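Worksheet: the structure to be examined is printed underneath.
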Amino acid sequence: MGIKKLLVANRGEIAVRIIRSARELGIRCVAVHSDIDRKCRHVLAADEALEIGEAPPLKSYLDMGRLISAARASGCDAVHPGYGFLSENPKFASMVADAGLVFVGPGAETIALMGDKVASKEVMRKAGVPVVPFLSGTGEVCLKKAEKLGYPLIIKAAAGGGGKGMRMVSGPEQMQPALEAAGREALKAFGDGRVFVEKYIVKPRHIEFQILADAHGGIVHLFERECSIQRRHQKVVEETPSPALSEAVRAAMAKAAVKAAKAAGYVNAGTVEFIFEEPGSFYFLEMNTRLQVEHPVTEMTTGIDLVREQLRVAGGEKLGFAQAELSRRGHAIECRVYAETPENNFLPSAGKIHLYREPAGPNIRNDSGFGSADEISTYYDPLISKLVTYGATREEARLRMLSALKEYVVLGVNTNIAFLIDVIAHPEFAAGRTYTDFISRFFEDWKPKREKMEIALACAEYCRAHGSPAAAGLSAAKERGYDPWKELGPFEIGIDK
Ligand code: ADP
């Protein structure tokens, strides 16, 4: 059958990314947007666009009824949810199916099962996939059994996600208050107050496997990604292959990942996440039932377009390859470029982008949703782009990333580019000693120190773009509402004011 017209129920870089692959398959794309997103890149990239409501996500991108109506009104036969928003909402998946449309993702039951961290762990344990030792039940039960599991422990929300609401507990005296607080937090954030307790793995890595499965029993993995560089349990830098895995452990994890996906009755693209403890122990954390933010590193090293496969599989086709036909070459690293202030607890930054200059060159990919004069809104995730570099070796990819980041100029909003440069340049990162505590350990007191040349260059470019002579320089920029000191933070540079 095949999909003919697709509603892309998302915004920003991922909506643009989906539209690109769909277009290659000859699928027409309909973008949706809130009132403030009228001129966004994803709207311009699509064949058609429909306004679905006001800026707050609940009134637009999270409004299931309006999205279904938009799909119907524009004659779409399928809906791609992207990541975030409604991508892991079983109710939305079933509403899409009930409207006679194809949901580009697994079935609603699979999403619901994997969205429950406790239920999914039970399924995996039964299927023989190693899981982190955990306790569930009432607070009292957890408290009693916690001693046996041994401290430190971590409390998580059963319905959790996005690294929210996790609490580390180092001794029994902290348990009761932590359980209560976590329960309250979980109820507020996810509308479900159930929490559970898990063994806290000390000095772990986050390693996940990409899965693709069709509706005809075909299932493959596309190797691993390591995503240990995290802030507040959220990924910032991802790479493949993981510098930590031996071939034997990699093969064992791949086998467990495929087993996990089969146990979940999986169809479409999904990711099995593991927590990894050296030298070779690994435990199932959760399965993400959607396209991951970090999927490009897999694409760069396998040559497979994951969105294309998602669309083909959702259209009823078989996977185009068997496991034995898949191989991986070289190394890829992704940096998430955010509008945020790393030195101020990664506080999101919003505003107009005055100057946007992207890096380019061989083996550099930048999945971006923004450009000059675009607005970063406080209503949405502050991700600007995902910068990906490829190299024959990890070191080649790393040096290319450093060079690409130094070429990347975004002025008008604060970004984490200077922070990412220091992360990628760090000797521990260079050595592949990437553990989940990397940022909190080495970057707790980080402050920006951008190169004078870079800033001077960016200012000069701003002046050129706005037709002011270089001598008029910064004052002209300031007059037009652009404050270079915002980009520099508290740092002084030696250019003539
Ligand atoms: P979420 O769904 O909110 O993203 P996850 O369960 O996937 O939560 O965990 C996110 C991150 O939190 C992991 O990548 C890891 O860094 C940390 N983490 C989760 N569980 C544990 C654990 N049991 N021990 C140590 N760190 C953990």
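All figures in this text were calculated on a predicted structure; none of them were measured in a lab. We count ligands from 1, going down the list as the structure has it; atoms in each ligand are counted the same way. The basis for the numbers below is simple: all heavy atoms, side chains too, and nothing from hydrogens, waters or symmetry mates.
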- request: Kindly state each residue pair satisfying side chain to side chain donor-acceptor pair (under 3.5 Å) with at least one member in residues 260-269, sequence neighbours excluded.
  value: N268-Q310
R394 to F429, cation-pi by 6.0 Å centre distance and 45° axis angle: yes
- prompt: With a cut-off of under 6.0 Å to the ring centre and 45° to the axis, is R231 in cation-pi contact with F419?
  reply: no
Exercise: identify the closest heavy-atom pair between F438 and R433: CD1-O, 4.3 Å
Just the distances, no angles: every ligand 1 N or O to protein N or O pair closer than 3.5 Å, one line each.
unit_1	atom_1	unit_2	atom_2	d
ligand 1	2 (O)	K117	NZ	2.6
ligand 1	2 (O)	E286	OE1	3.4
ligand 1	2 (O)	E286	OE2	2.8
ligand 1	3 (O)	G162	N	3.2
ligand 1	3 (O)	G163	N	2.6
ligand 1	4 (O)	G163	N	3.3
ligand 1	6 (O)	K117	NZ	3.1
ligand 1	6 (O)	K156	NZ	2.9
ligand 1	7 (O)	E273	OE1	3.2
ligand 1	7 (O)	E286	OE2	2.9
ligand 1	8 (O)	K117	NZ	3.1
ligand 1	12 (O)	H233	ND1	3.2
ligand 1	14 (O)	H206	ND1	2.7
ligand 1	14 (O)	Q230	NE2	2.8
ligand 1	16 (O)	Q230	OE1	2.7
ligand 1	20 (N)	K156	NZ	2.8
ligand 1	20 (N)	E198	OE1	3.4
ligand 1	23 (N)	E198	OE1	2.8
ligand 1	23 (N)	K199	O	2.9
ligand 1	24 (N)	I201	N	2.8

Partner of K386 under side chain to side chain donor-acceptor pair (under 3.5 Å), chosen from E13, E238, E334: E13
task: Just do the side-chain contact (heavy atoms from CB on, under 4.5 Å) check on N416 and V236 with the steps written out, would you?
output: CA-CA 10 Å; N416 64 343; V236 188; 4.3 Å; yes
